[in-house]
Amino acid sequence: MLYISTRGDASRKHFCEILLEGLAPDGGLYLPETYPQVDAATLESWRGLPYASLAFEILSLYIDDIPAADLRALCEKTYTEEVFGSKAIVPLRKLEDASTGSARTDVYLEGLSNGPTLAFKDMAMQLLGNLFEYELARRGEELNILGATSGDTGSAAEYAMRGKKGVRVFMTSPQGRMSPFQQAQMFSLQDANIHNLALEGVFDDCQDIVKAVSNDLAFKRKYKIGTVNSINWARLLAQVVYYFAGYLQATAAGSSGKVSFTVPSGNFGNVCAGHVARMMGLPIEKLVVATNENDVLDEFFRTGVYRVRGSADTHETSSPSMDISKASNFERFVFDLLGRDAARVADLFGAQLSKQGRFDLSGDAAFQSAARRYGFVSGKSTHADRLQTIRDTYARFDLMIDTHTADGLKVARAHLTPKVPMIVLETALPVKFAATIEEALGRLPPRPAKFEGMEDLPKRVTLLPADVALVKAYIAKHVD
Ligand SMILES: *Cc1c(COP(=O)(O)O)cnc(C)c1O
């Protein structure tokens, strides 16, 4: 399997060549040349496989430069009951059979948040940590990961890379802006290869500094700077697996029926993995994109207009991991939507977005058939919806859900198809967003035992002004 860029770069690359890279050299994103097809018989044969084996079957369709035995070992080392809390790894829980007209429709939650940092990002990041360590050892190289986080990504990256050979993490975050739980999660790590840099500024300042350092090519080369942001193809690929796992749990043997998924979305990484699964032949009826008040994606799927917001128009909400103004993985879907016309994608995401901050596909036949051909529909949820959904779920099912998952569940209920199971992806546990849970329910969410007393542990964090030169100096000092 070879990989191409959404903007038409002529080189075709193998998996391990793009594993440690972010953007393609032409500014595009990597996608496989074709989507491997999984027929009904193969899908049936995967029923009952342990999650790690299912991951191996799917990943091996996309990775031809890691020997099969090694890839299987990497999957088995990653997806363990010990790390993800259950044998199923992504357990499905039935909430209700909602009435849709005269029929009933089962609504499920797929638990993706039982990994080390209690958010779905662990599903991909834990694999990435093992893949990075494997590939760097094979090459005899080192990598220094520089990132910016407002919460979930940074902790997932640190817990995936802690103690890994050949990798250091330098994670910037806006000082005092993460939730106390998120800060404690990151700053209590004592591993020598993890560096927390709390910058005096907001998240955008952190991101600007990461960009400035990455744009200094001499520095980047000398200090082997890399990233693990959500455009990384390996992260997206790892996420494809739980769509298959969700399908296999929600359907009976030999049923060959369809299911739908609802995905709380920000950067379009999670739901893009659902798109890939559907393109491989997984019987998915709808992919429902759920947004919060930051509704760039909902606006696109309703109107065909993609309009990037400025930071002034990006709202701070109670589902903060979806507070994005620009969906960094969206280009991948648009590439497929437009029949893989790379020149057009380059024009839309290069010229048009940088000049006008928007593009408009409303008149395009491809957009008009997006729902029919690709299953995409969307909806939006607000703070009031979130509180209401958290309350209702607690009252009816004795279950606390987090704010992002609540956005998903709210939007899912508007898109039920009679008799087609609806699977809502649970993207975090409520303890990460305790303040809003307390606002909704008047009580705090339970805290898993392994996080008791976390705030009292010694903290490893360096406070710095938001200054590129100082961040570079810190990296240089800790790499040499
Ligand atoms: C990252 C994140 C999201 C958004 O996922 P994307 O892949 O960026 O669309 C949603 N919910 C939670 C809890 C997250 O951490």
Side-chain angles (χ1 to χ4, degrees), residues 29 109-126 128 147-160 173 178-179 181-182 185-186 203 207 228-240 242-243 261-277 287-298 300-301 314 317-333 376 378 380-381 386 390 400-412 424-434 436-437 445:
L29 304 183
L109 278 187
E110 185 172 355
L112 305 181
S113 310
N114 301 305
T117 73
L118 311 184
F120 87 96
K121 293 190 172 67
D122 290 329
M123 292 304 304
M125 210 67 96
Q126 287 287 314
L128 204 65
T149 187
S150 54
D152 292 342
T153 306
S155 54
E158 292 189 354
Y159 280 74
S173 59
M178 293 190 294
S179 77
F181 186 88
Q182 288 173 320
Q185 240 183 350
M186 287 177 56
F203 175 64
Q207 207 151 31
V228 288
N229 46 27
S230 78
I231 58 165
N232 180 289
W233 167 254
R235 271 182 71 179
L236 203 140
L237 179 58
Q239 292 170 180
V240 171
Y242 55 68
Y243 285 87
F261 287 91
T262 299
V263 189
S265 295
N267 272 317
F268 205 77
N270 197 353
V271 74
C272 194
H275 167 66
V276 171
L287 284 166
V288 185
V289 178
T291 74
N292 63 18
E293 291 88 337
N294 296 294
D295 59 352
V296 197
L297 291 168
D298 179 41
F300 174 79
F301 285 106
T314 307
T317 76
S318 46
S319 43
S321 301
M322 290 152 62
D323 291 351
I324 62 100
S325 46
K326 172 174 162 275
S328 57
N329 271 291
F330 187 51
E331 184 169 334
R332 286 193 160 110
F333 170 65
F376 274 96
S378 71
K380 164 182 173 174
S381 161
R386 226 164 277 143
I390 290 168
M400 277 196 205
I401 56 170
D402 105 289
T403 52
H404 308 76
T405 308
D407 288 332
L409 187 54
K410 187 263 169 182
V411 172
V424 178
L425 299 187
E426 169 217 68
T427 55
L429 290 195
V431 69
K432 294 198 94 168
F433 304 97
T436 308
I437 305 302

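What you are looking at is a predicted structure, and each value in this text was computed from that prediction instead of being measured. Just follow the structure's listing: the first ligand is 1, and inside any ligand the first atom is 1. Just so it is clear, the values below take in all heavy atoms, side chains as well, and ignore hydrogens, waters and symmetry mates.
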What protein heavy atom is closest to atom 9 (O) of ligand 1, reported as residue, atom name and distance in Å? G266 N, 2.7 Å
Any N or O of T427 closer than 3.5 Å to N or O of ligand 1: yes
Test your reading of the model: is there a side-chain donor-acceptor pair from D295 to the backbone of D298, 3.5 Å cut-off? no
Within less than 4.0 angstrom of ligand 1, does S230 place any heavy atom? no
In V288, V263, T262, the residue satisfying side chain to side chain contact (heavy atoms under 4.5 Å, CB included) with V271 is V263
If the cut-off is 4.0 Å to any non-hydrogen atom of F120, which atoms of ligand 1 fall inside it? 1 (C), 2 (C), 3 (C), 5 (O), 7 (O), 14 (C)
Presence of salt bridge, D152 and K432, under 4.0 angstrom: yes
Counting from 1, what ligand 1 atoms have a heavy atom of S321 closer than 4.0 Å? 2 (C), 3 (C), 4 (C), 12 (C), 14 (C), 15 (O)
Return the residue, atom name and 0.1 Å-rounded distance of the protein heavy atom closest to atom 1 (C) of ligand 1. K121 NZ, 1.4 Å
Which residue and atom name correspond to the protein heavy atom nearest atom 7 (O) of ligand 1, and how close is it? N270 N, 2.9 Å
D323 side chain to T317 backbone, donor-acceptor under 3.5 Å: yes
Give the numbers and elements of all ligand 1 atoms closer than 4.0 Å to a heavy atom of P264. 4 (C), 10 (C)
Residue that, paired with S381, satisfies side chain to side chain donor-acceptor pair (under 3.5 Å) out of D407, T291, T403: D407
Distance under 4.0 Å to a non-hydrogen atom of A428: what atoms of ligand 1 satisfy this? 13 (C)
For the residue pair N294 and T314, confirm or rule out a side-chain donor-acceptor distance under 3.5 Å. no
Please check if any side-chain donor atom of T405 sits under 3.5 Å from a side-chain acceptor atom of E426, or the reverse. no
Take the angle between the ring planes of F268 and F333 and call it parallel below 30°, perpendicular above 60°, tilted in between. tilted
Salt bridge check: are E293 and R386 linked by an N-O gap of less than 4.0 Å? yes
Under 4.0 Å to a heavy atom of G269 - the qualifying atoms of ligand 1, by number: 6 (P), 7 (O), 9 (O)
N/O to N/O below 3.5 Å, does that happen between F268 and ligand 1? yes
Output the list of atoms in ligand 1 that are nearer than 4.0 Å to some heavy atom of M322, sorted by atom number. 10 (C)
Winner among T405, N267, V289 once heavy atoms are compared against atom 8 (O) of ligand 1: N267
